[in-house]
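In the text below, chain A, chain B and the rest are named by the order of the sequence lines, each starting its count at 1.
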2 protein chains.
Amino acid sequence: MTQANSAPAKRNTPQKAAVKHALGEATGFVSAQQLHQTLKKHGSTIGLATVYRTLADLAQAGEADSLQSKDAEVLYRACTTSHHHHLICRKCGLTLEIEAQNLEKWADQVATEHGFSQPSHNIDIFGVCAGCR
Amino acid sequence: MTQANSAPAKRNTPQKAAVKHALGEATGFVSAQQLHQTLKKHGSTIGLATVYRTLADLAQAGEADSLQSKDAEVLYRACTTSHHHHLICRKCGLTLEIEAQNLEKWADQVATEHGFSQPSHNIDIFGVCAGCR
DNA sequence: CTCTTATTGACAAAGATTCTCAATAAGACA
DNA sequence: TGTCTTATTGAGAATCTTTGTCAATAAGAG
């Protein structure tokens, strides 16, 4: 039997593994550019485009969270696959995962009340962590 | 008495008024590029840089909300100056303002509990509105 | 009306992200 | 294991958004 109709088969490559690993090592959110620099510093010859492609795949697969920074760049972070939100330090980027069952319900409810279907939401809390004061 | 020390005096110009007005006319979130197109279509000779500058000013003054789209561009929308959040249609961009006193408290509390000061947050709900189904 | 200087518009410049395409190598199968 | 198909890669070009530069303009004060 052939593939459904359009999605091509994925392949495992050392480059993907390297990006995944580097993302896991990072303490907070990092940009594709930063990740590329880090990888090259460690001797990798990976291409920038590959980093972008891999991060986009990871985000789509739910293995990474993405976030838009103030400078119009996208930041990524490895995460658990379960739904959660973030508490992020504005200075050092330290990130904590937050769970909020009530919020999920509230958000879906607000959407439904106003006739919106397929609800989703973005919730991020920012602040300055204890260590940065 | 002279101005405090650094902030220069603001001046009222037809260009700023035009951007403000165009932003008010828009139904949902729009990008600086879109707004510039719209203005030119209506005969204005306003420059793109001026649109960017004016929108940034409005956002800082709390007269407009900004939002990062998926395509790494910033979207703006005229809004009330009081704090609020948005319920946005993924298809047509229709936007409703949402108030949630409890949320504000919750967000600040979560930040404080984890030792974060100067809390702020981004909360947006997305969905598909009744008209788009 | 005059004078100071904030603002403007056209263009260049900076960044981030995506696209293109020939070369490479993962995975399937004999 | 060797061969074959084609997903993936890397380098650079191309695109797009946003910011900076700077001479010319015009808002607001006196």
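Judged by distance alone, with hydrogens and angles left aside, the side-chain atoms of B/R90 form no donor-acceptor pair with the main-chain N or O of B/C129 at under 3.5 Å. Under the 3.5 Å distance criterion, the side-chain polar atoms of A/H84 are matched with a main-chain donor or acceptor of A/S82. Put simply, the side chain of B/K91 never gets that close to the backbone of B/G127: no donor and acceptor are under 3.5 Å apart. No donor-acceptor pair closer than 3.5 Å links the side chain of A/H36 to the backbone N or O of A/A49.
No side-chain donor from either of A/Q33 and A/Q37 sits under 3.5 Å from a side-chain acceptor of the other.
Here the nucleotide nearest the side chain of B/R11, chosen from D/dT17, D/dA27, D/dG10, is D/dA27.
Every side-chain contact (heavy atoms from CB on, under 4.5 Å) that B/H42 has, sequence neighbours left out, goes to B/T38. The ring-ring contact (aromatic ring centres under 6.0 Å, His included) search around A/H85 returns A/H83, A/H121, not counting sequence neighbours.
Interface residues of residues 25-47 of chain B facing DNA chain C, ordered by number: B/T45, B/I46, B/G47; criterion, heavy-atom separation under 4.0 Å. For the contact set between residues 12-20 of chain B and DNA chain C, defined by any heavy atom under 4.0 Å, the members are B/T13, B/Q15, B/K16.
Taking atom OH of A/Y52 as the reference point, atom P of D/dC16 lies 16 Å away to the nearest angstrom. Residue B/L55 contributes atom CG, which lies 13 Å from atom C1' of D/dT17 at whole-angstrom precision. Rounded to an integer number of Å, the gap from CZ of A/R53 to P of D/dT9 is 6 Å. Rounding to whole angstrom units, CD of residue B/E73 and C1' of D/dT18 are separated by 11 Å.
A/D57 and A/K10 are joined by a salt bridge, as a carboxylate oxygen and a charged side-chain nitrogen come within less than 4.0 angstrom of each other. Contact check on B/R77 versus B/E97 returns a salt bridge, with a Lys/Arg side-chain nitrogen under 4.0 Å from an Asp/Glu carboxylate oxygen.
Counting all heavy atoms, side chain and backbone alike, B/C89 lies closest to B/C132 at SG-SG, 3.8 Å.
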side-chain contact (heavy atoms from CB on, under 4.5 Å) between B/S69 and B/S31, intermediate numbers included
CA-CA 9 Å; B/S69 83; B/S31 68; over 6 Å; no
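With axes fitted over five pairs at each extremity, the angle between the ends of the helix from C/dC1-D/dG30 to C/dA30-D/dT1 is 40° (10° resolution).
Aromatic rings from A/F29 and A/H86 are positioned such that their centres are separated by under 6.0 Å.
On the nucleic acid side, DNA chain C contacts chain A at distances under 4.0 Å to non-hydrogen atoms, with the end points of that region at C/dA16 to C/dG27.
Counting heavy atoms from C-beta on, the side chains of B/Y76 and B/V74 come closer than 4.5 Å.
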